[in-house]
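Index from 1, following the sequence.
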Amino acid sequence: ISVGRITKIKNLDILIKAGSILNKKDIGFEISLIGPVVGEEDKKYLEYLERLILENNLNKKVKFLGSVPNNKIAEYYWQNDLSVNLAPTGGVDKVVLESMASGIIALASNFAMEEYFGKYKNDIFFKEKDEKDLADKIMNLISRDDLKDIKKFLISSVKEKSDLSNLILRVTNILNE
């Protein structure tokens with residue numbers, strides 16, 4: 001699953017290209033893309049993605065689900081095994097935090113998320129705009145037998161690092177140094 005506006009900055013073409021790599025290796029998967037298409041540039045990007053899907057014979061593997069109300073998004077996370085966030089490095093991305101809090105493994109290329117991934121950083125952090133690295137991370141994950149441990153760690157990490165009372169304590173400690 002990938003959640004967020006269908007726009008060029010989200011780099012969804014990289015996920016589709018990674019899907020093409022997985023498809024050629026005969027790995028079963030489905031990609032659910034959740035998010036709105038807002039302006040003309042987004043519509044052009046959606047058309048590009050649709051062409052890319054057809055060119056790579058992924059029309060039965062990739063689904064555009066449109067907008068989903070916030071109070072329903074957790075249900076979509078729970079129906080999926082992995083969440084992939086391809087937004088460029090910047091601030092902490094709430095979609096990645098939502099994924100982790102929902103109990104699914106979140107893959108991201110945003111350096112701001114590295115601290116949340118802890119000891120699993122090398123397993124779920126992929127190189128930005130690198131479909132081969134993303135496909136490799138996905139293949140490695142699906143073959144592991146410790147996915148429950150990874151999910152528990154990610155849930156714990158997001159709770160620890162994003163909980164408001166913990167955040168206030170961390171800020172207070174910094175200010176008192």
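Leu154 and Leu97 fall within a single hydrophobic cluster, where Ile, Leu, Val, Met, Phe, Trp and Tyr are joined by side-chain heavy atoms under 4.5 Å apart, directly or via other members. Placement of Val38 and Leu46 in two distinct hydrophobic clusters is found when ILVMFWY residues are connected by side-chain heavy-atom separations under 4.5 Å, directly or transitively. Cluster membership check: Val96 shares its hydrophobic cluster with Ile6, using side-chain heavy-atom separations under 4.5 Å among Ile, Leu, Val, Met, Phe, Trp and Tyr.
In this structure, Ile9 places its CD1 atom where only 12 or fewer heavy-atom neighbours from other residues, nucleotides or ligands lie under 6.0 Å away.
In this structure, the separation between OG on Ser109 and NZ on Lys127 is 12.0 Å, given to the nearest 0.5 Å. In this structure, Glu131 CD and Ile14 CD1 are separated by 5.0 Å, a value rounded to the nearest 0.5 Å. Rounded to the nearest 0.5 Å, atoms CD1 (Ile104) and CD (Gln79) are 10.5 Å apart. Taken from CD1 in Ile142 to CG in Leu147, the straight-line distance is 9.5 Å, to the nearest 0.5 Å. Atoms OG and CG, on Ser67 and Asn70 in that order, are 10.0 Å from each other to the nearest 0.5 Å.
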Next item on the list: Would you please test Arg5 and Asp42 for salt bridge (charged side-chain N to carboxylate O under 4.0 Å, His left out) and show each step?
Entry: CA-CA 8 Å; Arg5 199 171 108 206; Asp42 293 352; 2.7 Å; yes
Next item on the list: Under the side chain to side chain contact (heavy atoms under 4.5 Å, CB included) rule, what do Phe29 and Leu58 come out as? Steps first, then yes or no, please.
Entry: CA-CA 10 Å; Phe29 68 94; Leu58 296 172; 3.9 Å; yes
Note to self: For Asp123 and Lys137: C-alpha separation, side-chain torsions, deciding distance, then whether side chain to side chain contact (heavy atoms under 4.5 Å, CB included) applies.
What the structure shows: CA-CA 6 Å; Asp123 301 304; Lys137 299 289 182 186; 5.9 Å; no
Next item on the list: Please step through side chain to side chain contact (heavy atoms under 4.5 Å, CB included) for the pair Arg144 and Ile150, ending with a clear verdict.
Entry: CA-CA 10 Å; Arg144 293 176 67 140; Ile150 298 172; 3.8 Å; yes
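Under 4.0 Å is where a charged nitrogen must lie from a carboxylate oxygen, and between Asp130 and Lys132 no such pair does. Between Asp13 and Lys8, no side-chain nitrogen of the basic residue sits less than 4.0 Å from a carboxylate oxygen of the acidic one, so the salt-bridge criterion is not met. A salt bridge links Lys94 to Glu98: one of the charged nitrogens lies within less than 4.0 Å of a carboxylate oxygen.
Using a 3.5 Å distance cut-off with no hydrogens or angles, the side chains of Tyr120 and Asp149 do not pair a donor with an acceptor. Side-chain contact check for Asn85 and Asp93: at least one donor-acceptor pair (N or O, by modelled atom type) lies under 3.5 Å.
The closest side-chain heavy-atom distance from Ser157 to Lys159 is not below 4.5 Å.
When atom types are taken as modelled, the side chain of Asn59 and the backbone of Leu54 share no donor-acceptor pair closer than 3.5 angstrom. A donor-acceptor pair is defined here as one N or O able to donate and one able to accept, closer than 3.5 Å; such a pair exists between the side chain of Asn11 and the backbone of Leu86.
Residue pairs meeting the ring-ring contact (aromatic ring centres under 6.0 Å, His included) criterion with at least one partner in residues 67-112, sequence neighbours excluded, are Phe111-Phe125.
The one candidate from Glu47, Glu40, Glu41 that meets the salt bridge (Lys or Arg N to Asp or Glu O under 4.0 Å) condition with Lys44 is Glu41.
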